[in-house]
Protein chains: 4
Amino acid sequence: MKTTEEESMADKALKTRRTSIGAQRNPQSQEAILQAAEEILVEGGLGSFSIEAVARRARAGKPTIYRWWPSKTMLLLDVYHRQKYVDIAPDTGTIEGDIFNVLYGLLEFWRTERAGAVFRSVIAEAQTDPEACRALAAYMVDRYRQGSEMFQRAKDRGEAADWIDPEQAMELIASFAWHRLLTDRLDIPEDELRRAARQFANSVKA
Amino acid sequence: MKTTEEESMADKALKTRRTSIGAQRNPQSQEAILQAAEEILVEGGLGSFSIEAVARRARAGKPTIYRWWPSKTMLLLDVYHRQKYVDIAPDTGTIEGDIFNVLYGLLEFWRTERAGAVFRSVIAEAQTDPEACRALAAYMVDRYRQGSEMFQRAKDRGEAADWIDPEQAMELIASFAWHRLLTDRLDIPEDELRRAARQFANSVKA
Amino acid sequence: MKTTEEESMADKALKTRRTSIGAQRNPQSQEAILQAAEEILVEGGLGSFSIEAVARRARAGKPTIYRWWPSKTMLLLDVYHRQKYVDIAPDTGTIEGDIFNVLYGLLEFWRTERAGAVFRSVIAEAQTDPEACRALAAYMVDRYRQGSEMFQRAKDRGEAADWIDPEQAMELIASFAWHRLLTDRLDIPEDELRRAARQFANSVKA
Amino acid sequence: MKTTEEESMADKALKTRRTSIGAQRNPQSQEAILQAAEEILVEGGLGSFSIEAVARRARAGKPTIYRWWPSKTMLLLDVYHRQKYVDIAPDTGTIEGDIFNVLYGLLEFWRTERAGAVFRSVIAEAQTDPEACRALAAYMVDRYRQGSEMFQRAKDRGEAADWIDPEQAMELIASFAWHRLLTDRLDIPEDELRRAARQFANSVKA
DNA sequence: AGATAAGCGAGACGGTACGTCACGTCTTCAC
DNA sequence: GTGAAGACGTGACGTACCGTCTCGCTTATCT
């Protein structure tokens with residue numbers, strides 16, 4: 001949730017007339033463009049996402065967008081990176097609890113429409129643009145590293161087997177979430193989700 | 001692998017001038033269109049896949065394409081469905097062996113360039129087109145059912161726990177493969193693949 | 001002056017919705033584009049003449065314009081060629097009378113705003129575009145040939161000297177008209193015009 | 001021809017880094033801008049003449065140009081006015097000789113590439129910009145006054161008729177030169193040029 | 001001597017037009 | 001009625017300039 005100040009700042013960026021502030025990037029324009037891009041993505045999906053549409057909505061000139069983002073893909077990635085996901089990997093004491101929490105949190109985050117639509121677009125774009133694909137892959141590897149801590153803890157506790165690779169284990173979990181996102185089936189009944197968590201916990205058992 | 005007759009038929013479809021064969025669908029045209037679509041997809045990816053390009057390559061009129069495929073998405077799905085994957089779910093005696101074989105076969109199938117490029121495109125398209133998304137989801141559910149047999153066998157053998165849902169277990173495995181396809185990381189070292197198979201096998205253990 | 005039928009045809013071209021009439025040029029679109037181009041030229045001059053503006057006014061697509069006119073210049077020339085000037089080179093019996101009539105007719109034709117504005121634009125364009133310059137020069141040479149008849153008649157009558165080149169003589173007269181057009185001084189007092197005609201007549205005297 | 005000092009000054013204006021010299025116009029900047037403008041005009045014609053290009057070439061800021069020249073047109077006129085034409089109206093004793101010399105000198109001056117390209121641009125610009133048109137017309141009237149002296153001399157000698165208006169006579173000659181410039185036909189064979197001069201001389205005969 | 005005021009380069013800004021590409025629809029004509 | 005062909009209106013692409021703006025600086029002129 002955004003604070004009041006942030007919202008008014010963003011609104012100002014969109015609603016007041018902007019102009020150059022000298023030979024330097026105008027942060028209000030950047031804000032307006034990113035905000036407009038996100039809104040379009042959320043409202044109409046990747047299909048209605050075009051530089052023209054973003055420029056129109058942000059009341060910005062197309063060259064201003066192209067000046068700072070070399071391609072549609074890069075703008076997309078920037079929009080995605082603004083979607084700050086508070087990555088909680090809470091220590092519940094058991095690996096199954098941790099996994100359930102992570103899965104539940106991620107799916108819930110995507111279900112709040114904004115984030116899900118944006119991320120789906122990024123993945124789709126990566127299937128067209130090799131650079132986006134590399135960026136996405138690199139980003140994911142980084143995310144696995146973050147998420148893998150819970151498996152490391154489990155190994156330290158002796159709950160997970162020695163031969164388990166924490167990052168790969170994390171990847172399997174993320175893969176499941178991706179798959180549900182991409183087939184538009186984020187609304188998972190709790191028992192299914194629990195069973196998945198249990199299975200993943202089982203999979204690393206010593 | 002295609003037979004010689006099929007190839008010459010396809011070649012004929014592409015190279016000779018075609019015209020109406022009366023008030024009925026001309027199968028040569030359909031063949032030429034699908035073949036051209038597949039080639040474009042494989043050579044240039046989804047980015048260079050356009051109705052216009054397909055029509056050009058197939059020496060077909062655009063209306064001919066629109067007459068038989070209501071949208072780009074549907075043409076894409078048709079191309080995908082032609083990619084007959086010989087779904088082997090061989091009974092190796094152990095669930096881990098079965099899983100490894102399925103994973104290895106799928107990734108190998110996609111690595112043979114043609115199939116992978118096409119399927120990636122289908123998934124990307126599904127992120128834009130809700131109808132494609134539904135079709136894809138339905139197709140996947142069907143595939144899980146096929147693939148789940150090995151888990152059923154494992155349950156029958158007592159190798160897998162009672163609480164395991166064979167289809168969901170299959171989904172987890174497919175998810176992993178999808179994820180690697182979508183991040184262009186199909187070249188998995190054998191030890192990683194073995195570890196993944198072992199983990200998946202572990203996950204269903206009683 | 002256009003006939004009523006022509007006007008209603010042109011109006012129809014502009015006002016009714018047009019579409020393709022098969023794999024052939026749609027004359028209504030062509031008409032609408034040329035008409036719109038002329039109107040823009042007359043109303044706002046070369047400065048406001050842009051392909052976008054023409055397309056907008058003609059309710060045509062830009063590609064339709066580019067399909068048939070490779071450049072702004074060519075569209076301009078086409079507009080000019082539609083401005084059919086009834087080239088009267090009346091035989092008044094004296095060369096001075098002929099010259100006066102030709103000069104008066106030409107300036108009057110240009111003063112009727114439409115033709116003058118279009119021709120000024122063509123000349124200006126020719127200063128930028130070498131191809132337009134060539135086309136214009138060729139067109140002018142042709143016009144001199146037409147206009148030179150009166151000098152030939154004068155030579156036959158013994159009114160003009162043998163050493164006179166009829167076409168070059170015609171060029172001098174056209175040059176004067178051009179000059180007045182280009183400096184926006186078409187409103188020439190009759191005595192000045194008479195003096196010019198007298199001078200030109202003098203210039204060819206035996 | 002420029003003196004050595006002027007050239008080095010101009011070079012300095014272009015090559016050394018310039019900055020403000022206090023609350024006053026920096027003549028080096030003005031020089032650099034005008035020089036750059038002329039060069040661009042000569043090298044690429046009016047088509048490649050843009051404020052942006054001039055600023056780039058002169059290493060000047062756009063606002064510096066706009067501060068001193070309200071429009072592209074005015075900059076163009078300034079460039080033209082720097083093209084000092086040594087207006088020779090030599091007294092050869094006969095009006096035909098005078099006319100030939102003036103015509104030959106003017107065409108030769110324009111043929112030396114620099115002047116011709118610039119003047120063509122001014123005329124073209126005047127077809128778009130009414131202010132430029134007025135300025136050009138005023139300038140031309142002034143030039144006729146200068147050039148008309150030879151006709152006045154001819155009248156004084158009794159070589160030209162009383163009813164001749166020297167300035168208008170001069171205009172006819174300039175018109176011919178303009179016409180050749182604008183249709184890119186400055187390379188006139190000497191016999192044609194002689195005939196033209198003879199005709200113009202004839203035209204004012206008593 | 002220090003403040004002030006304007007000129008300077010730089011370059012970002014919101015725009016308009018460029019010329020190209022693909023969209024999905026339409027009509028014609030040969031079979 | 002099916003097929004190739006290709007024109008149509010639409011709209012996005014990425015680029016070039018437009019004319020305006022604010023910046024940080026430099027330097028002459030005025031307290």
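Reminder, nothing fancy here: chain letters follow the sequence lines and each chain counts from 1. Worth knowing before you read on, the calculation uses all heavy atoms, side chains too, and leaves out hydrogens, waters and symmetry mates.
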Chemist: According to a strict under-4.0 Å criterion, is Arg59(C) in side-chain N/O contact with OP1 or OP2 of dG9(F)?
Modeler: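 Arg59(C) to dG9(F) OP1/OP2: no side-chain N or O under 4.0 Å.
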Chemist: Taking N and O atoms by type only, does the side chain of Ser20(A) place a donor or acceptor under 3.5 Å from a partner on the base of dG11(E)?
Modeler: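 Yes.
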Chemist: Ignoring backbone atoms, test whether Arg56(A) places a side-chain nitrogen or oxygen under 4.0 Å from the OP1 or OP2 oxygen of dA12(F).
Modeler: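 Indeed, a polar side-chain atom of Arg56(A) lies that close.
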Chemist: dC13(E) C1' sits how many Å from Gln28(A) CD, rounded?
Modeler: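 These atoms are roughly 12 Å apart.
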Chemist: Hey, is the side chain of Arg67(C) poking within less than 4.0 Å of OP1 or OP2 on dT20(E), counting only N and O atoms?
Modeler: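 Looking at the OP1 and OP2 atoms of dT20(E), neither is under 4.0 Å from any side-chain N or O of Arg67(C).
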Chemist: Tell me which of Gly61(A) and Asn26(D) sits closer to the 5' end of DNA chain E, going by the nucleotide each one is nearest to.
Modeler: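 Result of the comparison: Asn26(D).
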Chemist: Can you measure Leu75(A) atom CG to dA12(F) atom P for me and round it to whole angstrom units?
Modeler: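 Distance check: Leu75(A) CG to dA12(F) P gives 15 Å.
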Chemist: For the base of dG19(E), is there a side-chain donor-acceptor partner from Lys62(C) under 3.5 Å away?
Modeler: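 Between dG19(E) and Lys62(C), which were checked side chain against base, a qualifying N/O pair under 3.5 Å is present.
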Chemist: dC21(F) P sits how many Å from Ile51(D) CD1, rounded?
Modeler: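 About 16 Å, once rounded to whole Å.
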Chemist: Checking all strands, does Gln30(D) fall into the base, sugar-phosphate, or nothing category for heavy-atom contacts under 4.0 angstrom?
Modeler: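 Sugar-phosphate contact only.
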Chemist: Looking at side-chain heavy atoms only, is the closest gap between Arg120(A) and Glu125(A) below 4.5 Å?
Modeler: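 Answer no - side chains too far apart.
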Chemist: Starting at atom OH of Tyr66(C), determine the distance to atom C1' of dG9(F), rounded to an integer number of angstrom.
Modeler: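 To the nearest whole Å, that distance equals 16 Å.
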Chemist: From CZ of Arg25(A) over to C1' of dC21(F), roughly how many Å is that when rounded to an integer?
Modeler: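 Result: 18 Å.
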Chemist: Just to confirm, is there a sub-4.0 Å distance from OP1 or OP2 of dT25(E) to any side-chain nitrogen or oxygen of Thr19(C)?
Modeler: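 No, because none of the side-chain N or O atoms of Thr19(C) sits under 4.0 Å from OP1 or OP2 of dT25(E).
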Chemist: Is the shortest heavy-atom distance from the side chain of Val42(B) to the side chain of Phe49(B) under 4.5 Å?
Modeler: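 No, every pair of side-chain atoms sits at 4.5 Å or beyond.
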Chemist: Is the phosphate of dG3(F) approached by Trp68(B) (side-chain N or O, under 4.0 Å from OP1 or OP2)?
Modeler: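 So the side-chain polar atoms of Trp68(B) do come within 4.0 Å of the phosphate oxygens OP1 or OP2 of dG3(F), strictly under.
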Chemist: Counting only side-chain heavy atoms from C-beta out, which of dA17(E), dC18(F), dC21(F) sits nearest to Glu52(C)?
Modeler: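 My answer, after comparing the listed nucleotides, is dA17(E).
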Chemist: Given dA5(E), dC18(F), dG11(E), which nucleotide is nearest the side-chain atoms of Ala23(D)?
Modeler: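 Given the options dA5(E), dC18(F), dG11(E), the side chain of Ala23(D) is closest to dA5(E).
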Chemist: Cut-off 3.5 Å, side chains only: do Arg18(A) and Gln28(A) have a donor facing an acceptor?
Modeler: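 Judged by distance alone, the side chains do not pair up.
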Chemist: When all nucleic acid strands are considered with a 4.0 Å heavy-atom cut-off, which category describes Ala55(D): base, sugar-phosphate, or nothing?
Modeler: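 Contact class for Ala55(D): none.
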Chemist: Regarding Arg25(C) and Gln30(C), do their side chains bring together a donor and an acceptor under 3.5 Å, going by distance alone?
Modeler: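 The criterion, which ignores hydrogens and geometry beyond distance, is satisfied for Gln30(C) and Arg25(C).
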Chemist: Does OP1 or OP2 of dG7(E) have a side-chain N or O of Thr64(D) closer than 4.0 Å?
Modeler: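 For Thr64(D), the contact criterion (side-chain N or O under 4.0 Å from OP1 or OP2 of dG7(E)) is not met.
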Chemist: Report yes if the side chains of Leu41(D) and Leu76(D) come closer than 4.5 Å at any heavy-atom pair, otherwise no.
Modeler: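 Side chain of Leu41(D) against side chain of Leu76(D), heavy atoms only: contact under 4.5 Å found.
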Chemist: Give the minimum heavy-atom separation between Ala126(A) and Ala132(A), together with the two atoms involved.
Modeler: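 So the minimum-distance heavy-atom pair works out to CA-CB, 3.9 Å.
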Chemist: Could you work out which one of dA16(F), dG9(E), dG9(F) sits closest to the side chain of Ser29(C)?
Modeler: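 For the Ser29(C) side chain, the nearest candidate turns out to be dG9(F).
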Chemist: Report the distance from atom CH2 of Trp69(C) to atom P of dG19(E), rounded to the nearest whole Å.
Modeler: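 Rounded to whole Å, this separation is 15 Å.
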Chemist: Would you mind telling me which residue lines up with the more 5' stretch of DNA chain F, Gly22(C) or Ile21(A), judged by nearest nucleotide?
Modeler: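 The residue whose closest nucleotide sits nearer the 5' end is Gly22(C).
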Chemist: For the pair made of CZ in Arg57(B) and P in dA4(F), what is the distance, rounded to whole Å?
Modeler: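 So the two atoms are 17 Å apart, to the nearest Å.
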Chemist: Map Lys72(D) and Ser50(A) onto DNA chain F by nearest heavy atom, then report which one ends up closer to the 5' terminus.
Modeler: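 Looking at the nearest nucleotide for each, Ser50(A) comes out on the 5' side.
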Chemist: In whole angstrom, what separates Ile65(C)'s CD1 from dA17(E)'s C1'?
Modeler: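 My rounded result for the distance is 12 Å.
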